[in-house]
Amino acid sequence: MTKIRPFSHLLILFCLSALLTGCFNQKNSAEKAAEEGMLIVGNGNEPKALDPHLVSGVVESNVLRALFEGLCIEHPSDDSIALPGAAESWEANDNFTIWTFHLNPMGTWSDGVPVTAQDFVFAYERILHPDFPSEYASMLYFIKNAESFNKGEVKDFSEVGVKALAEFKVEITLKSPTPFLPEITKHFTWLPVPKHKILEFGEQTEPHTAWTYAENLVSNGAFRLKKWRKNHYIEVEKNPHYWDETKLKLNGIRFIPTKNINTEARMFLNGQLHVTYQMPPDLIPTANEDYSGETRQELYIGTRFVRANVKREFTGKREVRQALSLCLDRQSLIDNVLQGGQKVAGSVTPPFGSYKPKFKTEFNPKKAKELLKLAGYDDATSLPEISLLTTDSGMRTAEAMQALWREHLGLRVRIIQREWKSYLEMRKNLEFDLMEGGWVGDYLDPTTFLDLWIESNGNNNTGWGDPAYEALLNEAELIQDQTARYEKLIQAESYVMGALPAIPVYHYTTNYFISPLVKNWHPLLLNNHPYKFIELATE
Amino acid sequence: MIKAILSRIAQTALVVFLLVTICFFIVHALPGNPFEGEKAVSDVVIQKMEESFGLDKSKPVQLLNYWSNLFLTGDMGMSMNFKGTPVSTILGQSFPISFQLGLVAMIFGCGIGMPLGIIAALYKNKFPDYLAMIVAMAGICLPAFVIGPLLQLFVAKPIPFLNIAGWMQPQDILLPALTLGFGVAAYIARLMRGGMLEVLGQDYIRTARAKGVTTSDIIFKHALRPAISPAITYLGPAFAAVMTGSFIVETIFQIPGMGQHFIDAVIAKDIFLILGLVLFYGILMGLANLAVDILLLFLNPRLRA
């Protein structure tokens, strides 16, 4: 017989080299990267594009925030503050309908070309242009005539409320008073794009040109794109042309598209990441105990809810929807199923700042049964079987709710789990009785949630609409005083919660790991961390 | 032989053509719209998107456009999910990585599987046979999503120079290749054992033993070549499958390979990317099978007749 001794020699050599490498190489990747000023961030998935006008997701927004800078930028620890970005100052008229932004004359694109008012006008015309397939142009509908131009009703862009008054002066005229406009301008849809580069690679309204390729992309933010390898990583480096470059603490950021949440957690715990995108739900209780110094659980401005299809007979009855809501033991669902420190949702809009919705959901199965009787369903046998549409990520919550409704009402709920695109299609076509869904706020204002329930809003997806509700929102839109405006919006919130087209379940939290080496990464409701202020400790 | 090879190439071309064409219709029949997103997209935007990708035309015209673009300009179209990225760029970036990983996985697979199979055959129904077959059975039964995390936790974590996941340093290839290669090794071991047992029972082997030929000479000079045929037949398609990546291994080990596109593209209903992948996979599978046929001709003179 041949002996297999050479293999054992190899094995010993392998182990020895491993040990030796271990002895000489004590620092892990995250520590080494920290010494180089390189932040390594788990970013959940591969961005679909880096053109701010073509994307609508969080993953893309995280990279765009490093590359581009809007008129205003995020404050590192307070979402409600807008800091000077491309604009060094701004002012509004008395009723907050005309805003003038004074651009920083030092602002340049990463190729050294100055950022001018024309870049902003060009950008807003591009995203709103009826020939350009932007998914998220509606974020600019605050601007006068923006919606009409986007829908092709107004042909001439000069009628839209965006003007370059001078080389470094942009005037924005709004359709109604918006005291919080500077906060809106932080959103990625409001970012400028380099006119000279876009036109070099195609026409203004051409959607898929080469301007965003790694070798072509120029940006005006704190960082510029260095490398973009699909599904591998995106690396950005300090932008030497950035107006505030001397204040930057990081030399670069590497975004890793960590699709597998368990791998991401293992990578973090092995010192390969500084910040994770999320945390596996099963790991949250253990992580809170064993890695308390590296675990974060923060409120996030978003709500999980169950949409009811009001066009269907059973779920079309308000008493039924209220009964369904009354049977949801939300705290138990959070404690036993989700375990991520989520908050019981009293209404669809989460409370924040001085906005405190009055409507509160409750758990009261007895009252639920009475409401069902009132709706004409005397006992469980008279109840129809209904469907609950969800995706794989919502299965745990869906199953828990299915059990709660069965237990308290005797209602039979059939869960329909679909992959993402089918789910979206069924949602759009109202092919469900109940549907598990959610919404994350784009900016810190209740309207980001309340506008959902406007009948013509594409994200409504319940079939519900009420002119009285929309009248309340319209009234609020004209109020300049923030307190009075919030009161009106709270009134609208109570109105829609009374009708309950969507049953609020819980408010989101973000659970993630963060290395103690990362400094200045504060809890933010919108979870949009400005990388400009982030620092990495070396020890 | 040249004639046979040419005819196989023609057959492969026909199969790939039919594969992509059938796939084209299947993809279009999938539910959902590639341009729908979490936030509502207006019908006008969807229409504009469809126009920019040529989806507003009738299906036969679309198919004709696809083939004519492919043949005339080599254009495989643009990805709809990775907006504006040509399919060729995606394949061009991800295939070399899957190829490297697949190659090392195949080396692991053959390096572990063949000796295991040979040892098992030599010690038939004895302890080494049982042990080898237990390992082989484990390789077949244990899915990558079990082996991968186990390797991450019990191999990568204690060894400082190995990363849990990622594709940043040369040694990052080891664990995913081992995970991917383990399943291949298991099949090869079983096929090798079977082939070897059959050959070892032949008269000419008995004659060789009677003449006093050493065991190693019997194995390597007389038995291995005929015994390896079943494993080679399996290796061709396995090679093509391993080279085009694995969704599970790639997501567990954070590898920017091709395998994840096979799943992600279908979920995103990324029509051109799906077609590009099917085309590529079809060609690769055809070539791998062709290579196997040629290799078998060399290994087995009786087939040349």
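Numbered from 1 within each chain, the chains take letters A, B, ... in sequence-line order.
- Smallest separation of non-hydrogen atoms from B/Pro86 and A/Tyr213: CD-OH, 3.3 Å.
- Going from atom NZ of A/Lys230 over to atom CZ of B/Phe82 covers 6.5 Å, rounded to the nearest 0.5 Å.
- Residues A/Thr258 and B/Gln254 are in side-chain contact: their nearest non-hydrogen atoms beyond the backbone lie under 4.5 Å apart.
- Within the 3.5 Å criterion, the main-chain N or O of B/Ala165 finds a donor-acceptor partner in the side chain of A/Gln272.
- Contacts from residues 30-43 of chain B to chain A, taken as heavy-atom pairs separated by less than 4.5 Å, involve B/Pro31, B/Gly32, B/Asn33, B/Pro34, B/Phe35, B/Glu36, B/Gly37, B/Glu38, B/Lys39, B/Ala40, B/Val41, B/Asp43 in sequence order.
- For the set A/Arg418, A/Glu419, A/Glu46, A/Met267, the entry with the most heavy-atom pairs within less than 4.5 Å of chain B is A/Met267.
- Looking at A/Tyr136, the atoms closer than 4.5 Å to chain B (heavy atoms on both sides) all sit in the side chain, from C-beta outward.
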*Take A/Asn231 and B/His261, measure what side chain to side chain contact (heavy atoms under 4.5 Å, CB included) needs, and give me the verdict at the end.*
CA-CA 10 Å; A/Asn231 278 331; B/His261 292 305; 3.1 Å; yes
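- Under the side chain to side chain donor-acceptor pair (under 3.5 Å) criterion, B/Tyr66 pairs with no residue, sequence neighbours left out.
- Using a 4.5 Å cut-off between heavy atoms, A/Lys151 makes no contact with chain B at all.
- Across all non-hydrogen atoms, the minimal contact from A/Trp228 to B/Gln93 is O-NE2, 4.2 Å.
- Residues B/Gln152 and A/Asn270 fail the side-chain proximity criterion, which asks for heavy atoms closer than 4.5 Å.
- Looking only at heavy-atom pairs under 4.5 Å with chain B, the residue among A/Pro257, A/Gly458, A/Gly437 that has the most is A/Pro257.
- For the atom pair CG (B/Asp264) and CG (A/Asn45), the distance works out to 7.0 Å, reported to the nearest 0.5 Å.
- Most heavy-atom pairs under 4.5 Å with chain A, from the set B/Met80, B/Glu250, B/Met49: that is B/Met49.
- Only the backbone of A/Asp131 comes within contact range of chain B, with heavy atoms under 4.5 Å apart.
- Options A/Pro130, A/Pro207, A/Ser138 differ in how many heavy-atom pairs under 4.5 Å they form with chain B, and the most are formed by A/Pro130.
- Interface summary for chain A: among B/Lys269, B/Lys157, B/Gln171, B/Gln169, the most heavy-atom pairs under 4.5 angstrom belong to B/Lys157.
- Between A/Arg266 and B/Pro149, some side-chain heavy-atom pair lies under the 4.5 Å cut-off.
- Only the side chain of A/Leu424 comes within less than 4.5 Å of a heavy atom of chain B; its backbone N, CA, C and O stay farther away.
- Residue contact with chain A, scored on non-hydrogen atoms closer than 4.5 Å, is absent for B/Phe145.
- Note that OG1 of B/Thr251 and CD1 of A/Ile261 are 11.5 Å apart. Values are rounded to the nearest 0.5 Å.
- With rounding to the nearest 0.5 angstrom, the CD1 atom of B/Ile263 is 10.0 Å from the NZ atom of A/Lys259.
- Between chain B and the residues A/Asn457, A/Asn260, A/Asn461, the largest count of heavy-atom pairs under 4.5 Å involves A/Asn260.
- Between the side chain of A/His208 and the backbone N or O of B/Met78 there is no donor-acceptor pair closer than 3.5 Å.
- Only the side chain of A/Asp442 comes within contact range of chain B, with heavy atoms under 4.5 Å apart.
- Counting heavy-atom pairs closer than 4.5 Å to chain A, the top residue among B/Gly84, B/Pro256, B/Ala268 is B/Pro256.
- The choice from B/Ile46, B/Ile255, B/Asn163, B/Ile97 that makes the most heavy-atom pairs within less than 4.5 Å of chain A is B/Asn163.
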